[in-house]
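Reading through the structure tokens given below for one structure.
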Amino acid sequence: MISDSQLLTDPFLQLPTPTSVRVVWFTEFAGTGHTVTYGKDLNRQATATTSKLSRTREDQKSRVGSQTQDSPVYQKPTPRHIWRHEAEVGELTPGERIPYRVTSVREDGQSFSSATFTLAPAPLPGTPQKILLTSDHQVMPMVAANLQKVAETVGRVDAVFFAGDLVNIPDRASEWFDDSRGNAFFPCLQGRANYELENNGIKTVYTGSQIIQHAPLFPAVGNHEVMGRFSTESNLTEQIFDSFPRAAAEELYAKHAGQLNPTGEPAVREAWLKDNSFNTSTYEEIFPSPQSGKGGEKYYAVTFGDVRLVTLFITNMWRTPSLDAKAKGRYREREEDLNNPAAWGYGQHIFEPIAKGSAQYEWLEKELNSPEFKRAKYKVVMFHHPPHTLGDNIVPAYTEPVQIIERHEDGSVKAIRYEYPKDKDYIIRDVVPMLESAGVRLVFFGHSHLWNRFVSDAGTHFLESSNVGNSYGAALGDKKRFVPEGYKEEYVALGDPNGLEPVVPAIAPLRGEGGEPVPYIASNDITVFSIFDTGAGTVSSYYFDTREPQSEVVKFDEFGVR
């Protein structure tokens with residue numbers, strides 16, 4: 001056992017209904033029994049079902065136990081055995097919060113119980129809620145401080161809307177549970193972190209907050225929830241950046257199907273394609289979500305009080321913008337791979353189609369016309385990739401890469417580059433007009449590690465509140481995005497490529513070098529969180545300067561979404 005904890009996590013809440021909620025926790029033993037005890041006198045009990053995570057591993061780059069990057073314990077990816085326990089707590093009363101705790105019994109008969117927390121079913125319409133809007137934690141330095149300040153500022157929140165990139169490498173178990181730096185995903189959101197920040201000679205330890213023990217978490221898939229091709233040798237960081245388009249994998253499989261699967265078993269074919277393209281297995285095994293037909297658990301819609309939340313799978317493979325000969329990049333293939341199609345990266349290929357006519361698009365169209373959506377007071381759509389941002393990650397356009405192959409006279413490949421036609425941006429061309437027509441007032445997203453917001457002519461607010469742990473800056477003034485020259489498409493180096501002007505924060509914007517208010521926060525010292533207050537009908541954003549540990553949290557922006 002790698003972890004000294006008997007319960008690997010505290011319990012957390014998922015999938016509330018008006019009369020029930022799921023309670024989930026993890027251990028490093030299968031055990032002989034796992035239960036939730038609940039009720040005013042803790043006199044009721046629910047039995048959990050147990051499943052084993054199939055792909056959690058540690059590797060050469062894990063920070064766990066005594067391992068450091070300079071002194072690796074693991075010489076290659078090594079399975080880590082973790083069990084997930086889930087119980088549905090039912091017959092609950094809307095509006096009533098009750099205590100609960102979980103207990104797991106190990107094979108030797110010893111039992112381990114959590115502390116006592118509280119749970120409640122989904123709120124009824126008309127019940128005011130405070131919802132944390134967050135994204136892009138990725139085991140980053142300011143996350144524990146950020147979440148600690150959430151509780152200190154607004155108290156207990158009622159739900160968490162998480163717009164993707166929960167961890168950095170989804171199959172690396174320690175990033176979820178017990179990274180030795182003290183800021184793994186669950187510890188930060190459960191008040192069990194132990195992360196030290198040092199600024200101006202002052203060391204401050206942050207613990208995060210007890211959030212998801214009491215409030216359900218609604219996540220979206222980001223690019224860091226997607227693992228690439230499976231390997232037993234290369235480290236997990238290399239694997240996440242080795243995604244391969246499903247269609248290309250199917251072509252390779254077809255060439256070798258007789259050798260790979262002599263009996264033609266469908267399950268063998270599907271397992272091979274999964275291992276040789278990309279997958280979201282660990283994310284889906286950790287977080288249950290409502291099923292949505294072909295989308296499984298990767299996109300879904302739920303009603304939570306006055307909110308209808310529509311969560312989409314809109315993200316693509318992140319690749320470097322570098323044009324270096326050794327770069328498997330957005331715009332080109334590595335020179336060493338040119339004549340080896342199995343090694344191509346295929347640019348920033350899209351994981352799940354969202355273009356008009358795709359299964360996800362048709363599901364979304366149906367959802368936007370559903371009674372549940374139409375009668376909701378607040379219509380909120382969440383996904384990972386930005387439709388509007390000052391950040392780097394919006395360029396190039398969100399569309400399938402167009403591959404252009406240049407060849408020598410003998411037919412060998414001279415160069416491979418990728419173009420991304422702006423007029424085929426699926427988010428802007430297909431999704432946003434449909435959301436605006438349906439009356440969506442808030443679109444929440446992440447990916448570029450900053451805070452900025454926009455308002456369209458239709459009155460839709462676009463909020464990116466992902467400056468949680470670190471930032472790569474905003475493309476305004478002297479800071480330009482890297483864009484290639486000599487390509488057919490004109491890639492935008494400054495501002496929002498999709499034409500909206502950023503909104504200057506309404507209350508207390510930060511100032512530029514000339515004293516002018518700036519319409520963003522992009523900092524590696526100042527961390528941001530946002531709260532959706534359904535009672536007031538407002539989204540408020542706050543910042544905390546970690547360089548001044550004793551400073552107050554500042555509310556710097558607020559806007560209405562009614």
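- Contact annotation: the side chain of Asn183 approaches that of Val139 to within less than 4.5 Å [non-hydrogen atoms, C-beta and beyond].
- When each of Asn470, Asp165, Asn467, Asp392 is paired with His449, the side-chain hydrogen bond (donor to acceptor under 3.5 Å, both in side chains) condition holds for Asn470 and for no other.
- For the pair Lys274 and Glu270, the salt-bridge criterion is not met [side-chain N within less than 4.0 Å of a carboxylate O].
- When only modelled atom types and interatomic distance are considered, Asp10 and Ser114 share no side-chain donor-acceptor pair under 3.5 Å.
- What you find for Ala327 and Ser322 is that their closest heavy atoms are CB-O, 3.8 Å.
- For the pair Lys149 and Phe544, the cation-pi criterion (under 6.0 Å, within 45° of the ring axis) is fulfilled.
- For the residue pair Thr56 and Trp176, no side-chain donor N or O sits within less than 3.5 Å of a side-chain acceptor on the partner.
- Ring geometry, His81 versus Trp83: the interplanar angle falls from 30° to 60°, so the pair is classed tilted.
- The two residues Ala159 and Ala215 have their closest heavy-atom pair at N-CB, 3.7 Å.
- Ring geometry for His137 against Phe185 counts as tilted: the plane angle lies between 30° and 60°, on a 0 to 90° scale.
- Using modelled atom types, one finds a donor on one side chain and an acceptor on the other under 3.5 Å when comparing Ser243 with His349.
- By the 30° and 60° cut-offs, the orientation of the rings of Tyr420 relative to Tyr331 is perpendicular.
- Evaluated for a side-chain hydrogen bond (donor to acceptor under 3.5 Å, both in side chains) with His384, the options Asn223, Asn393, Thr315 yield exactly one hit, Asn223.
- Gln348 places no side-chain N or O within 3.5 Å of a backbone atom of Pro396 that could act as its donor or acceptor partner.
- In terms of heavy-atom proximity, Asp59 sits nearest to Pro77 at CB-CA, 4.0 Å.
- Inspection of the Arg192 and Thr9 side chains reveals no N or O donor paired with an N or O acceptor under 3.5 Å.
- Residue Lys76 places its NZ atom among 12 or fewer non-hydrogen atoms of other residues, nucleotides or ligands, all under 6.0 Å distant.
- The closest side-chain donor-acceptor pair between Tyr418 and Glu333 falls under 3.5 angstrom.
- With rounding to the nearest 0.5 angstrom, the CZ atom of Arg269 is 9.5 Å from the CG atom of Asn261.
- Ring orientation note: the planes of Phe287 and Tyr283 are tilted relative to one another, at an angle of 30° to 60°.
- Using bins of under 30°, 30° to 60° and over 60° for the plane-to-plane angle, the ring pair Phe241/His224 lands in the perpendicular bin.
- The residues Asp242 and Arg229 are annotated as salt-bridged, a charged nitrogen and a carboxylate oxygen being separated by less than 4.0 angstrom.
- In this structure, a donor-acceptor pair under 3.5 Å is absent between the side chains of Glu485 and Tyr491.
- The aromatic rings of His85 and His34 sit parallel, their planes meeting at an angle under 30°, below the 60° perpendicular limit.
- Phe186 and Phe177 have parallel rings, their planes meeting at less than 30° on a 0 to 90° scale where 60° marks the start of perpendicular.
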